[in-house]
Amino acid sequence: MKITTMKLAVGAALLLASLPAAALSDEIPENLKGTGELVTTTGGGGAFDDARMKAWFAPFTRDTGIKVVVVPATNAKLMASVKVGQPEADLTFVSGGEVPNWVDKGFVDKIDYSYFAKETLAGIPKEARSEYSFRSHTYSVVPTYSTIKYPQGTKHPENWVDIYDVAKFPGKRALPNCGNTLYGGLLEGALLGDGVPPEKLYPLDFDRAFAKLKQIAPNVGRWWGWDEGGLAPQSLIDGEADMGSAWNGRITSLQKQGAPVALSWDQSLLQYDDWVVVKGSPNQVNAAKFLAYIARPEAQAAFAEAIPYGVVNKDAYKLIPKELAENLPGAPGIGEKQITQDYAWWSKSRPDGKTNLDYAIERCQAVLAK
């Protein structure tokens, strides 16, 4: 813990030197200022954690006086610490699809929205601020393709219908593997690719989805897993695949580096991660202050500029450069083309006691093994 704290202190000092002067402490509501610390978890490392540090953690410490300590706790490790009554963190973030499981098992406490300004809450949709979770950011699984195979100005795959049409667009695909059924949007993509209208997507038709998946399988050059998000765009660059699916942030980041990849927002799946307050953790007041701080439009805009993920507060779009706003999941002009993934449906139990997700993974493995 001490080592982690020291690392953060050094990182924060360096970052503070480069932060904009906006949102200085005298501009922050008095109810968000305080003392002590807030312990939170890492977020997967790399550019994502760098963005959180730059846009949220360091400014929060600067403006409120509350130290942020980042610990490398996995979900399993954090849950285990809650069970023994010694939670390793006050706050963590999980995929929106995992929140029901955390709530059902009693691992979270309620979010205290009393620290949020009325103006801030007005900019946040109700579905993003539930009793036990607060939306962190949005991202997307998008149809993607190689710009070497399909140079600018030529006809290219634009949606899942095109990705699954091997006659119209011959070539290898990069698709999520069975273990990545949910977060890779595997079955949603297959059904949309088979012509199911977005408004009739849920409940998913498993028979139809797996029939389509079995049909496309011989044309898949790369199956990519949940912890292998970089493989999807890399397979396009290496020529293992010509088109397929990937997370939007991966594609956008590589585009900025000049990689021959592109994406389409048409029929893309809108996904999200949520913050949860860990059950019985000692610094929950500071956790509430932190969430109220990053929910403000200024903090939301800063995060989007640090990494191209969608914001939660719609008022942030007034502060984000137009070129960036036009390429964020859920942004005006993009959100209308997207389909929000139904995490609640995936978490529902079937008559045999399995969730829809458990059943889908088992069946997927059986289908692709044949």
*Can you list the residues that meet the side chain to side chain donor-acceptor pair (under 3.5 Å) rule with Ser349, with sequence neighbours excluded?*
none
*Presence of salt bridge, Arg363 and Asp207, under 4.0 angstrom*: yes
_Backbone N/O of Ala262 and side chain of Thr144: donor-acceptor pair under 3.5 Å_ = yes
*Is a donor on one side and an acceptor on the other found under 3.5 Å between the side chain of Asp90 and the backbone of Ser281?*
no
*Partner of Glu240 under side chain to side chain donor-acceptor pair (under 3.5 Å), chosen from Lys172, Arg222, Arg173*: Arg222
*May I ask you to check if Arg135 and Tyr272 form a cation-pi contact, with NZ or CZ under 6.0 angstrom from the six-membered ring centre and within 45° of the axis?*
yes
*Look at the aromatic rings of Phe290 and Trp275 and report parallel, tilted or perpendicular, splitting at 30° and 60°.*
perpendicular
*For the pair Tyr317 (side chain) and Lys322 (backbone), establish whether a donor and an acceptor sit closer than 3.5 Å, ignoring hydrogens and angles.*
no
*Under-4.0 Å salt bridge between Lys279 and Asp109*: yes
*Check the hydrophobic clustering (I, L, V, M, F, W, Y; side-chain heavy atoms under 4.5 Å; chains of links allowed) and say if Val142 and Val220 are grouped together.*
no
*asked:* Ring centres under 6.0 Å, that's the criterion: do His156 and Tyr150 meet it?
replied: no
*Verify, without hydrogens or angle tests, whether Glu228 (side chain) and Gly225 (backbone) share a donor-acceptor contact under 3.5 angstrom.*
yes
*Under 6.0 Å between the ring centres of Phe60 and Phe57?*
no
*asked:* Can a donor-acceptor pair be found, under 3.5 Å and without considering hydrogens, that links the side chain of Gln86 to the backbone of Ser81?
replied: no
*Does the ring of Phe206 carry Arg208 above it, NZ/CZ under 6.0 angstrom from centre and within 45° of its axis?*
no
*Six-ring centre of Phe134, Arg129 cation under 6.0 angstrom, axis tolerance 45°*: no
*Answer yes or no: is there a donor N or O on one side and an acceptor on the other, between the side chain of Gln255 and the main chain of Val261, under 3.5 Å?*
yes
